[in-house]
*Asks:* 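Here it is: the structure, laid out below.
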Amino acid sequence: MLRLVRVRFAPSPTGELHIGGARTALFNWLFARHHGGKFILRMEDTDVKRSRDELVRPMLEAFRWLGLDWDEGPEVGGPFGPYFQSQRLDLYAAHAERLLRTGHAYRCYCTPEELEQRRKEALARGLPPRYDRRCRDLTPAQEEALVREGRRPVLRLKTPLEGVTVVRDLVRGDVAFEHAVLDDWVLVKSDGMPTYNFACVVDDATMEITHVIRAEEHLSNTPKQVLLYRALGYDLPQFAHVPMILAPDRSKLSKRHGATAVHEYRERGYLPGALVNYLATLGWSPEGGQEIISRDEMIRQFSLERVSKSAAIYDNEKLTWMNAQYLRLASAAQLVDWALPFWRGAGLLPAHPPAANVPPGAALPCPEAAAGPHDAPPPPPDPATRRWLEGIMEVMRERVRTLSEVPEATRYFFTDDFTYDEKGVARHFARPGVADLLQAALERLRSLPDWDAATVEHCYRSLAEERGIGAGQIIHPTRLALTGRTVGPGLFDIMALLGREETVRRLERAISWIRSR
């Protein structure tokens, strides 16, 4: 009978969730979902100097934002808890006693100062700075004497002195490690706290983890852990070490190459779906090599056989491109939901849409933008405002790549507090007769029976035809007058969204500005 697949991701709450960890968690999550198994989240918080409770909640929030739900773990519980290592110390102590009792571990009384001195001596002789095992075969009398000196021992594993441990890796194949190069590594520190490798094995074994999928930098830990599994009498899980994520110059990925913490991507306006899609393809190849792939399709296709052995290269431009594709595929309603926090943060949310005869310029700033972290969430836009915002996002979806670009890209819809682009002024406002041309357009706009993009466009093109000029000679200065910019979405869509009164007001202002020069 096949065992139920059980995988885990075990971060340390000593910092933020970074994209390397998020990618590893994603591979575990996809593997579990593909096989109908369980994804377990476990907190490795035994580093008492660096682990902080206040970092747990943001880390859990990062998982939720990414959509990586866990079947067992913090705030969820499960039959193999607790899921914080700091709450499992009795379990580690019992396993340490078992190793001592069976002769697979021993107490080492060497002080840190003695170990450091021997390390320096070994390096000076050109030898590897490994522990010299001098406490491995102490007699009871020798141990008693060391205890009387007040020494506090650590617990070390008795690593075999000869032979080879072969790690069978589902990504890299068989990797052999000579026992002669392995150390008698520390299981339990002198303060009684377990080391990473010890607690990790005990947790994975007692939580019945079937597959350990983790970053390749842990491969060197694996022979130690295999020996510990065998010493404790536990069955081995299957191991899979996924490639590292490197910067474009193949150096270690850092903040100088772009955001690295998940929350930074959220703040910069990346969508969780796009980030998950991008991370999935960093080291894993979908069938057919498609770049945009749904989460359901990722789950269906995911296999460790298609995970690369080579390092994955991080490309922020590729991620940004992918995010833009997700923005284009979303509905206008969804785009508004995503953009609302960014509009609020920029103080651009209007109290009313232009259709209510309130000029966009009068909507600045909104109270929601100044709301503190403990204030009630801002109320949703009223239906008319929401329809207006959806119209804005409908015409802007092709022109923004991240949500953080939305406020600046759409600012002129909300306010006329802008200056005219200098190059645009030279190209479009400085032409002879442009003020009179805009005035003629203005008079016709005032008398239009309806106000929508099609009606306004017909008005402008008819005027251009009557004057015997290209429509661009009216369109370009009008765009500059209404937005202060020379590029953007379709002018007639902009005019429809601004509304008749605001369009007329901005044209009047531009005509006066041109004539005053």
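A quick note: this is a predicted structure, and the numbers were derived from the prediction, not measured.
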*Asks:* Quick check against the 3.5 Å criterion: does R98 have a side-chain atom that pairs as donor or acceptor with the backbone of L232?
*Replies:*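 Present.
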*Asks:* Between atom CH2 of W343 and atom CG of L403, what is the distance when rounded to the nearest 0.5 Å?
*Replies:*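 With rounding to 0.5 Å, CH2 (W343) is 9.5 Å from CG (L403).
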*Asks:* Tell me, please, which residues at least two apart from E178 pass salt bridge (charged side-chain N to carboxylate O under 4.0 Å, His left out).
*Replies:*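 None.
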*Asks:* Ignoring hydrogens and angles, tell me if any N or O in the side chain of H241 forms a donor-acceptor pair with the backbone of R214 under 3.5 Å.
*Replies:*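 The answer is no, because no donor-acceptor pair under 3.5 Å joins these two groups.
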*Asks:* Quick check: closest heavy atoms across P13 and D45, and the distance to 0.1 Å?
*Replies:*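 That closest heavy-atom pairing would be CG-CB, 3.7 Å.
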*Asks:* Taking the basic N atoms (NZ, or NE/NH1/NH2) and the acidic carboxylate oxygens, is any pair closer than 4.0 Å for E317 and R401?
*Replies:*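 Yes, this pair counts.
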*Asks:* By side chain to side chain contact (heavy atoms under 4.5 Å, CB included), which residues pair with E113, not counting sequence neighbours?
*Replies:*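 E113 satisfies side chain to side chain contact (heavy atoms under 4.5 Å, CB included) with T111 only.
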*Asks:* Salt bridge (Lys or Arg N to Asp or Glu O under 4.0 Å): which pairs involve residues 125-135, sequence neighbours left out?
*Replies:*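 Output for this query lists R118-D132, D132-R134, R133-D184.
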*Asks:* If we count only N and O atoms by modelled type, under 3.5 Å, do the side chains of H211 and Q238 hold a donor and an acceptor together?
*Replies:*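 There is such a pair between these side chains.
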*Asks:* Check this for me: does any side-chain nitrogen of one of R397 and E394 sit under 4.0 Å from a carboxylate oxygen of the other?
*Replies:*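 Result for this pair is yes, salt bridge flagged.
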*Asks:* Taking all atoms of both residues into account, what is the closest heavy-atom pair of C110 and R151, and its distance?
*Replies:*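 Taking every non-hydrogen atom into account, CA-NH1, 4.0 Å.
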*Asks:* Among all residues two or more places apart in sequence or in another chain, which pass the ring pair (Phe, Tyr, Trp, His ring centres under 6.0 Å) test with F198?
*Replies:*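 In terms of ring pair (Phe, Tyr, Trp, His ring centres under 6.0 Å), with neighbours along the sequence ignored, F198 is linked to no residue.
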*Asks:* Checking the side chain of T195 only, and the main-chain atoms of L187 only, is there a donor and an acceptor separated by less than 3.5 Å?
*Replies:*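 Yes; judged by distance alone, with no hydrogens or angles, the pair exists.
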*Asks:* Working to the nearest 0.5 angstrom, can you tell me the gap between L182 CG and T159 OG1?
*Replies:*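 If I round to the nearest 0.5 Å, the distance is 6.0 Å.
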*Asks:* Take W70 and W29 through the side-chain contact (heavy atoms from CB on, under 4.5 Å) test and state the conclusion after the steps.
*Replies:* CA-CA 8 Å; W70 55 99; W29 184 87; over 6 Å; no
*Asks:* Is it true that a side-chain atom of D174 and a backbone atom of R168 form a donor plus acceptor pair closer than 3.5 Å?
*Replies:*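 Not at all, since once roles are kept as given, no pair shorter than 3.5 Å links the two residues.
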*Asks:* Quick check: do T410 and Y412 have side-chain heavy atoms less than 4.5 Å from each other?
*Replies:*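 Answer no - side chains too far apart.
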*Asks:* Assess whether a salt bridge exists between E405 and R399, defined as any Lys/Arg side-chain N lying under 4.0 Å from an Asp/Glu carboxylate O.
*Replies:*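 Result for this pair is no, no salt bridge flagged.
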*Asks:* With a cut-off of 6.0 Å (strictly less than), are more than 12 heavy atoms of other residues, nucleotides or ligands near CZ of R64?
*Replies:*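 More than 12 within 6.0 Å, yes.
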*Asks:* For the residue pair R33 and F39, would you count it as a cation-pi contact if the rule is NZ or CZ under 6.0 angstrom from the ring centre and within 45 degrees of the ring axis?
*Replies:*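 No, R33 and F39 do not form such a contact.
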*Asks:* Side chains of Q142 and Y109: closer than 4.5 Å at any heavy-atom pair?
*Replies:*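 A side-chain contact under 4.5 Å is absent here.
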*Asks:* Is a side-chain N or O of N323 found less than 3.5 angstrom from the main chain of Y270, in a donor-acceptor match?
*Replies:*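 Judged by distance alone, no pair lies under 3.5 Å.
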*Asks:* Do M396 and P489 have side-chain heavy atoms sitting under 4.5 Å apart?
*Replies:*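 Side chain of M396 against side chain of P489, heavy atoms only: contact under 4.5 Å found.
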*Asks:* Is the closest side-chain donor-acceptor distance between D296 and S294 under 3.5 Å?
*Replies:*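 There is no such pair between these side chains.
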*Asks:* Establish, from distance only, whether the side-chain atoms of H179 and T165 form a donor-acceptor pair under 3.5 Å.
*Replies:*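 Looking only at side-chain atoms, T165 and H179 do form a donor-acceptor pair, the distance falling under 3.5 Å.
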*Asks:* Nearest 0.5 Å, what's the CD-CG distance between E97 and L155?
*Replies:*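 Here the rounded value is 8.5 Å.
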*Asks:* Are any side-chain N or O atoms of R306 and backbone N or O atoms of S285, one a donor and one an acceptor, separated by less than 3.5 Å?
*Replies:*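 Yes; at least one donor-acceptor contact below 3.5 Å.
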*Asks:* Would a distance-only check, ignoring hydrogens and angles, find a side-chain to backbone donor-acceptor pair under 3.5 Å from N197 to K224?
*Replies:*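 A pair under 3.5 Å: no.
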*Asks:* With distance as the sole test, does H34 use its side chain to make a donor-acceptor pair with the main-chain N or O of R300 at under 3.5 Å?
*Replies:*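 Yes, H34 side chain to R300 backbone: donor-acceptor pair under 3.5 Å.
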*Asks:* Decide if atom CD of E162 counts as having more than 12 heavy atoms of other residues, nucleotides or ligands within a radius under 6.0 Å.
*Replies:*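 It does not: E162 CD has 12 such atoms or fewer within range.
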*Asks:* Does the gap between the ring centers of H218 and Y196 come in under 6.0 Å?
*Replies:*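 Centroid separation for H218 and Y196: below 6.0 Å.
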*Asks:* Any Lys/Arg nitrogen of R268 or E264 sitting under 4.0 Å from an Asp/Glu carboxylate oxygen of the other?
*Replies:*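 Counted as a salt bridge, because a side-chain N and a carboxylate O are separated by less than 4.0 Å.
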*Asks:* Rounded to the nearest 0.5 Å, what separation is found between the CZ atom of F414 and the CG atom of L349?
*Replies:*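 If we round to the nearest 0.5 Å, F414:CZ and L349:CG are 6.5 Å apart.
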*Asks:* Tell me, do L228 and W185 make a side-chain contact under 4.5 Å, heavy atoms counted?
*Replies:*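 Touching, per the 4.5 Å side-chain cut-off.
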*Asks:* Just do the side-chain contact (heavy atoms from CB on, under 4.5 Å) check on L319 and Y265 with the steps written out, would you?
*Replies:* CA-CA 10 Å; L319 168 60; Y265 289 95; 3.4 Å; yes
*Asks:* Could you give the side-chain donor-acceptor pairs of residues 199-208 under 3.5 Å, partners two or more places apart or in another chain?
*Replies:*
from	atom 1	to	atom 2	distance (Å)
D203	OD1	R88	NE	2.7
D203	OD1	R88	NH2	3.2
D203	OD1	Y92	OH	2.9
D203	OD2	Q85	NE2	2.9
D203	OD2	Y92	OH	2.9
D204	OD1	R8	NE	3.0
D204	OD1	R42	NH1	2.9
D204	OD1	R42	NH2	3.1
D204	OD2	R8	NE	3.4
D204	OD2	R8	NH2	2.8
T206	OG1	R88	NH2	3.0
T206	OG1	V202	O	2.7
T206	OG1	D203	O	3.4

*Asks:* Is it true that D235 and Y229 share a donor-acceptor pair across their side chains at a distance under 3.5 Å?
*Replies:*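 Side chains of Y229 and D235: no pair found under 3.5 Å.
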*Asks:* Does the side chain of L227 come within less than 4.5 Å of F177's, by heavy atoms?
*Replies:*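 Sidechains of L227 and F177: no contact.
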*Asks:* Show me the side-chain donor-acceptor pairs of residues 328-341 shorter than 3.5 Å, one per line, residues at least two apart or across chains.
*Replies:*
from	atom 1	to	atom 2	distance (Å)
R328	NE	E398	OE1	2.7
R328	NH2	E398	O	3.1
S331	OG	Q334	N	3.1
D337	OD1	R386	NH1	3.2
D337	OD1	R386	NH2	2.8

*Asks:* Are D315 and Y278 packed together at the side-chain level, in the sense that at least one heavy-atom pair is separated by less than 4.5 angstrom?
*Replies:*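 With C-beta onward as the side chain, the pair touches.
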*Asks:* Less than 4.5 Å apart, any side-chain heavy atom of E75 and any of Y83?
*Replies:*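 No. Closest side-chain heavy atoms not under 4.5 Å.
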*Asks:* In Å, rounded to the nearest 0.5 Å, how long is the span from CG of L4 to NZ of K38?
*Replies:*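 Nearest 0.5 Å value for the CG-NZ distance: 6.5 Å.
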*Asks:* Begin with the C-alpha distance, continue with both residues' side-chain angles, and end with the deciding distance and a verdict on side-chain contact (heavy atoms from CB on, under 4.5 Å) for L55 and M59.
*Replies:* CA-CA 6 Å; L55 293 175; M59 190 169 286; 5.8 Å; no
*Asks:* Output the distance between atom CD (E143) and atom SG (C108), rounded to the nearest 0.5 Å.
*Replies:*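 It is 10.0 Å, given to the nearest 0.5 Å.
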*Asks:* State, yes or no, whether a side-chain contact exists between L246 and K252 at a heavy-atom distance under 4.5 Å.
*Replies:*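 Answer no - side chains too far apart.
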*Asks:* What I want to check is whether the side chains of D382 and T385 have a donor and an acceptor closer together than 3.5 Å.
*Replies:*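 Result is yes, a qualifying pair exists.
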*Asks:* For W284 and F27, I'd like to know if the aromatic rings sit close, meaning centre-to-centre distance below 6.0 Å.
*Replies:*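 Not under 6.0 Å, so no.
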*Asks:* More than 12 non-hydrogen atoms from neighbouring residues, nucleotides or ligands closer than 6.0 Å to CG on D90, yes or no?
*Replies:*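 Open: at most 12 neighbouring heavy atoms sit under 6.0 Å from CG of D90.
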*Asks:* Sub-3.5 Å donor-acceptor pair from the side chain of S12 to the main-chain atoms of E44, do we have one?
*Replies:*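 Checking the backbone N and O of E44 against the side chain of S12, a donor-acceptor pair under 3.5 Å is found.
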*Asks:* With distance as the sole test, does H104 use its side chain to make a donor-acceptor pair with the main-chain N or O of L100 at under 3.5 Å?
*Replies:*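 It does not hold such a pair.
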